[in-house]
Number of protein chains: 2
Amino acid sequence: MSTTSRKSEIISKASQLFKEKGYSAVTVRDIAQAMEMKAASLYNHIDSKQEILSILILDLARDFTDGMHQVQQMKNSPLQKIEALIELHIDITVNQSEALAALNNDWMHLPENEVVEFVAMRESYEENFRNIIKEGISLGQIQSRHPEVILFSILSTLRTLYLWYQKRGKLDVNVLKRDMVAVLLRGIV
Amino acid sequence: MSTTSRKSEIISKASQLFKEKGYSAVTVRDIAQAMEMKAASLYNHIDSKQEILSILILDLARDFTDGMHQVQQMKNSPLQKIEALIELHIDITVNQSEALAALNNDWMHLPENEVVEFVAMRESYEENFRNIIKEGISLGQIQSRHPEVILFSILSTLRTLYLWYQKRGKLDVNVLKRDMVAVLLRGIV
DNA sequence: CTACAAAACTAACGTTTGTTAGTTTGAATT
DNA sequence: AATTCAAACTAACAAACGTTAGTTTTGTAG
């Protein structure tokens, strides 16, 4: 009795290939080869190639949404909430970097209704993030007059972290969290 | 006598499509339709679909390399050099966002020898950027003990700016430069 | 008016694509 | 020993892919 189903093995292998070449450039025969089986055999486990993408992206999008809701329920200061969000992104980067690549780069290849759902989730997430930043500004914890630029800078850095994390060789997660918080919040100059 | 050749029109139209769906998901028939012609007619002007990608990415990579060399020859302080690099990225984002999308997302679909060339150029660019940051640290202009994290944070933000710039509606470039410098260098807290 | 070259066209090619249908294998259960 | 069932297989499909060959249109210069 294998603890991981055959279907989730396929999704895992596929996500690695998607990360390297993107969803559109990966064929079902590529995925089958990685699974050491024939392409047709995949269809004993999955409905379609697109289903793999949908599972990867929407499951991860829900993780982000859940994480955001947990942070919102914290009784901490806005700055501590942002710190918690940075840690959320880093944990996801470390544990699900392949799905994260798909979410970042291949969401537009979801079926139309799921694109709508995904974009709505992403906009909601950004809106919640923005509100935390604004709260921090109005409390005087954040000094800048550019909440939108701050939001964009932090999110850009966190969303691309998966590219950098693999290149730099697996760093200690706690060190990484500390350093990222230091640079993103306390600044450079 | 049209000032823009037919070939560059094709490259321009193709780059818009690549930005939306990625290189692999765009077919030559898509490009032809955008040009209001038949797919076969494209080949009076281009050698292959891949040639379009090569031109887009390598030309832009050279722009970045040239810009970096100009900054290096400045007699300014490291902090001012970083400011100049931020402005370089913003200028390219505003004027060549489609090519920038291809460079960011589709470089792995270049032919093998050009992948090697591209990666070498990118690593050299990052190395030069890193040295400027280190110089700033040793001069006491930059306080952090994390040059690598700073490099990554700044580059991530600048490289993804093209996504945000289009969404937010065309902002005034000079305002954008000022705000980006403020957030990226002077920090948040 | 003719000649020429650029740039469009039609038609088709060999491959590769995602997917389906039907069959075989092999291990566990009755 | 017979049955069942998940999971692999072979073979093939129609559609879409990038590209080529050969032909016609179109605008310009002699």
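Here is the naming used below: chain letters follow the sequence lines, and residue numbers restart at 1 for every chain.
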key: Whether A:S8 side chain and A:S5 backbone form a donor-acceptor pair below 3.5 Å   = yes
query = Relative to each other, are the rings of A:H89 and A:F64 parallel, tilted or perpendicular (30° and 60° limits)?
reply = tilted
request  = Let me know the distance between CD1 of A:I31 and C1' of C:dT19, rounded to the nearest Å.
outcome  = 13 Å
side-chain contact (heavy atoms from CB on, under 4.5 Å) between A:I92 and A:Y162, worked out = CA-CA 9 Å; A:I92 287 176; A:Y162 75 98; over 6 Å; no
inquiry  = Of the listed nucleotides (C:dC9, D:dT19, C:dT19), which one gets closest to any side-chain atom of B:M37?
reply    = C:dC9
ask   = Atom CD of B:E9 to atom P of C:dA7: distance rounded to whole Å?
value = 10 Å
message = For a quick check of understanding: with a heavy-atom distance under 4.0 Å over all strands, which category does A:T27 fall into, base, sugar-phosphate or nothing?
response = sugar-phosphate
note = To the nearest angstrom, the CD1-P distance between B:I46 and C:dA6 comes to 18 Å
query = With respect to the phosphate group of D:dA8, does any side-chain polar atom (N or O) of A:R6 fall under 4.0 Å of OP1 or OP2?
reply = yes
request  = Measure from CD on B:E36 to P on C:dC9 and round the result to the nearest Å.
outcome  = 10 Å
message = Both A:R29 and A:A39 contact DNA chain D. Which one's nearest nucleotide lies toward the 5' end?
response = A:A39
Phosphate-side-chain proximity, A:H45 and D:dA6, N/O vs OP1/OP2 below 4.0 Å = no
task = With rounding to the nearest 0.5 Å, note down the distance linking CG in B:L60 to CD1 in B:I57.
result = 8.5 Å
Side-chain N,O (A:S41) to OP1/OP2 (D:dA7) below 4.0 Å = no
query = Which nucleotide sits closest to the side chain of B:A40: C:dA11, D:dA11, C:dG18?
reply = C:dA11
ask   = Quick one: A:D30 CG to C:dT17 P, roughly how many Å, whole number?
value = 7 Å
Atom-pair distance (NZ on B:K49; C1' on C:dT16), nearest Å = 13 Å
request  = Using only heavy-atom distances, decide whether a donor-acceptor pair under 3.5 angstrom links the side-chain of A:N44 to the base of D:dA6.
outcome  = no
inquiry  = If I take atom NZ in residue A:K38 and atom P in nucleotide D:dC9, what distance separates them, rounded to the nearest angstrom?
reply    = 7 Å
Rounded distance (Å) that lies between atom C1' of D:dG18 and atom CD of B:Q33 = 17 Å
A:F18 six-ring face occupied by A:K13 cation (under 6.0 Å, within 45°) = no
